[in-house]
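Below: one structure, written as structure tokens.
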Amino acid sequence: MGPVRRRRSRASVRSLIARALIAALAGGGLLAVSAPAHALDNDLALTPPMGWNSWNQVRCYDLNEDVVKAAVDGITARGLGDVGYEYVVVDDCWQGGRDESGKLFADPERFPSGMDGLAAYVHRAGLKFGIYSSPGSETCANHWDSYPVYGIASLGHEEQDAQTFADWGVDYLKYDWCRADITDGLERPAAFSKMRDALAKTGRPIVYGISEYGDTAPWTWAAPIANLWRTTSDIQPTWNSVSSIIQSQAKLASYSGPGAWNDPDMLQVGNGTMSAAENRTHFGMWAMLAAPLFLGTDVDALNEQTVAVISNPEIIAIDQDARGSQASLVSDRSGAQVWARQLAGGDIAVALMNTTGQGQTIGATLEQLGGEAAPYIVRDAWGRKDISNTAKSISAHVASHDTAVLRLRAGSDPTLPGLVSAAGSATIERGATEMIPVRVSNLGASALVGTNLEIMGAAGITPTSASYAVPSVPAGESVVVDVELSVAADAPLGETPLEATLTGEGEVSLSATVVPPAPDTSTHVSDLVLVQADNGWGEVRKDASVNQQPLQIDGITYAKGLGVHADSTVRVWLGGQCTALTGSLGIDDETEGGDPAWGFPSVEGTIQGDGTTIWESAGMLGYRESESFTVDVQRVNMLTLAVTDGGDGNAYDHADWLDLALECAPDAPGAGTDPQVSVNADAVKVGGELTARFSGFTADSTLRIELRSAVVELGSVQLDADGSATATVTVPASTSPGEHRLVGVDSEGLEAQVTVMVTADGSPGVGPDPGTDTDKGAGVSDGAGVTSAGLATTGGAGAGPAMALAVLFLTLGAALLRRSRMTSAR
Ligand code: GLA
């Protein structure tokens, strides 16, 4: 046999190995997977289909059988079949017409072997063959590319065409709407179902992909009809197209699964002007989204770097994971996004995607990622190697438009860094000095002793001390070291990573988010410094429209407000000092109602307080329309005003946030009580107990109690509806004598602390001796009538039994160090 045959036999060994690797990584090796009950019951595409499709490479007139055969040969030669690329699909413009019996035939000039001949060529290479048709009377190319052969779409020929395709050896059908509602009055579910039934009747397994560009939310109705459905309009080979498609998929995660996939359209990797980083983001995010992976480029012409991207077995394994859970957007900090998907067998895939123009560190806590099995080993999927251990969070520096893809698996590896790790972050106002609690975790098998935390300053941020001694950390435990930072009045706003190391253990993830001082009198949002001001077009304007005209809606002019353009996100820092926000959202008169060629103004708005939605526009707002609101912003630190295009494109979406009056005061009534903690004694012996009273925290949340700087996590307690609780805690016997701080942190990140002296001999402490009955409560006076709440321990240190004693609380000036609702701050 010729060279093709020899190449294939080598390839098939590689193929076995590569497929086994992907199957093992994809969790599919041992799992019997079947399509979920709601999916089309053809038992096909149980993982997203992969292959090549002609459209993004040659579009219409350059399509011919040589192009398709070259793709087949290229897939084989470049090892792409080995990693899963399987379906070779001929898109629109293959059709020559119908014969006198109505049977389709291929264009004889461009496809001299006919479709059966071409299918045989594809099959001989060990690949599968796909073809294109449409449910109406015309295909898209008839309309958009003036393809001159008519009557080639399947309306009225569904069963005949399905049988023709089956006879030719077709394994995959792309069935593309192309205005069948306009040309033929068809209705989507019925028309697509007709071809589904026709395909089923042939008895040949044919994967069925439908496409109506996401126009009627097919994810809500197509699962019983097709194996995949397009969710967007046509992808272009540009960063804008790719990144906006990714954003549009965030809301669709729950609709996808084995046998029934969201299809954000075929790959453009290798086409257009996308950089290496952008190609990585495109491919890596398609894998995260459990998207079908159809190459649409000349695979022979790809450089090695791009081939490495599209054939990375670990990225493909994420796409092909047997569980089929599409990634969700976990967090989005001004375009620095974290996406995560749960994989079969308990692993977690995480994408850290940087859509911004600057490189930055992107991270997430295991809690945000749904990682309950900590510690985890972190694997770099692009680099195909384990990189670290983590018990708390992950982060990576990600270049502009690039995406890091990490895979977490439960366990720890002593040969990797991060067995000892430290991380901390906090939000600090300009001009303020605050503490950042840095948690040092020891996942290792022996105690961490004699380590220092060394910190470098950054622009406008100065640590009070360059070095902090870390108390010893027993194996499997953690301590918190408070690092004091001063932020200059002109420090740059936003998150700044600080260079920090743990001596002998490596880098520490430490960052400060600088915000403007919180308003202490009533004001307007447009008079505040905007922490973030992103607009879909033009710039966010204060007290003017986006076109820099006076703000005007329905003929009324407003002096104050913000002129934005969808999609827009504006953030201001309230620091918990405001109580109410009033204003309205609408479309500025300057749009003059839009233009049929481009679209019409229409927006939706939301207001969030520390990430929680506190107001939403009732529906889409159109030209001259507005909606007013009064929202409670008590205790809100970061206020976010977001406007989206409502899903119909952002043409003419000139939105105005009108007035935006804030009621604020340094201690406004109801502005949120400051959290407080007080203890029944100012000193306690090691091993002794303390009873602490907490108040002013978030109602009904869980309060974690820690002792700093010592072995911490004394336990946790449920706060009542007043945000108060009482708890008795035991100071672990391993605590080093000296000054410590008892800290309460609620699930919203609010914290308060009080200083306590831990003594070796109890003097001058008042805590009971270890092992004595707790109700002796030595040195505690009667009087306050407080009964302790039950305490659930979460750490290694045991909590004392409940103390049913009346105790007098000495309030030790419970210093409120910081009030942050940002859970990421921990
Ligand atoms: C539509 C589809 C494309 C392609 C063309 C063919 O635009 O969305 O993917 O199939 O039709 O004409």
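Values in this document were obtained by computation on a predicted structure and should not be read as measured data. Whatever order the structure lists ligands and atoms in, that order sets their numbers, starting from 1.
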Will you find, in the side chains of S568 and N535, an N or O donor that is under 3.5 Å from an N or O acceptor?
yes
For T569 and D534, test the side chains for any donor-to-acceptor distance below 3.5 angstrom and give the result as yes or no.
no
Quick check on W144 - does any of its heavy atoms sit under 4.0 Å from an atom of ligand 1?
no
Say whether [X], considering both its backbone and side-chain N or O atoms, lies within less than 3.5 Å of an N or O atom on ligand 1.
X: S211; value: no
X: D145; value: no
X: D234; value: yes

Of H143, E138, K174, which has the heavy atom at the shortest distance from atom 9 (O) of ligand 1?
K174
Counting heavy atoms only, which of D91, D263, T139 comes nearest to atom 10 (O) of ligand 1?
D91
Centroid separation under 6.0 Å, is that true for the rings of Y172 and F294?
yes
F192 ring center near W177 ring center (under 6.0 Å)
yes
Salt bridge or not between [X] and [Y]? Use side-chain N to carboxylate O under 4.0 Å.
X: K69; Y: D66; answer: no
X: R78; Y: E304; answer: yes
X: K201; Y: E159; answer: yes

What is the closest protein heavy atom to atom 2 (C) of ligand 1, and at what distance does it sit?
D176 OD2, 3.1 Å
Note the single closest protein heavy atom to atom 12 (O) of ligand 1, along with its residue, its atom name and the distance in Å.
D92 OD2, 2.8 Å
Contact region, Y213 to ligand 1, non-hydrogen atoms below 4.0 Å, reads side chain
I need the atoms of ligand 1 closer than 4.0 Å to a non-hydrogen atom of R230, numbered in the order shown.
2 (C), 8 (O), 9 (O)
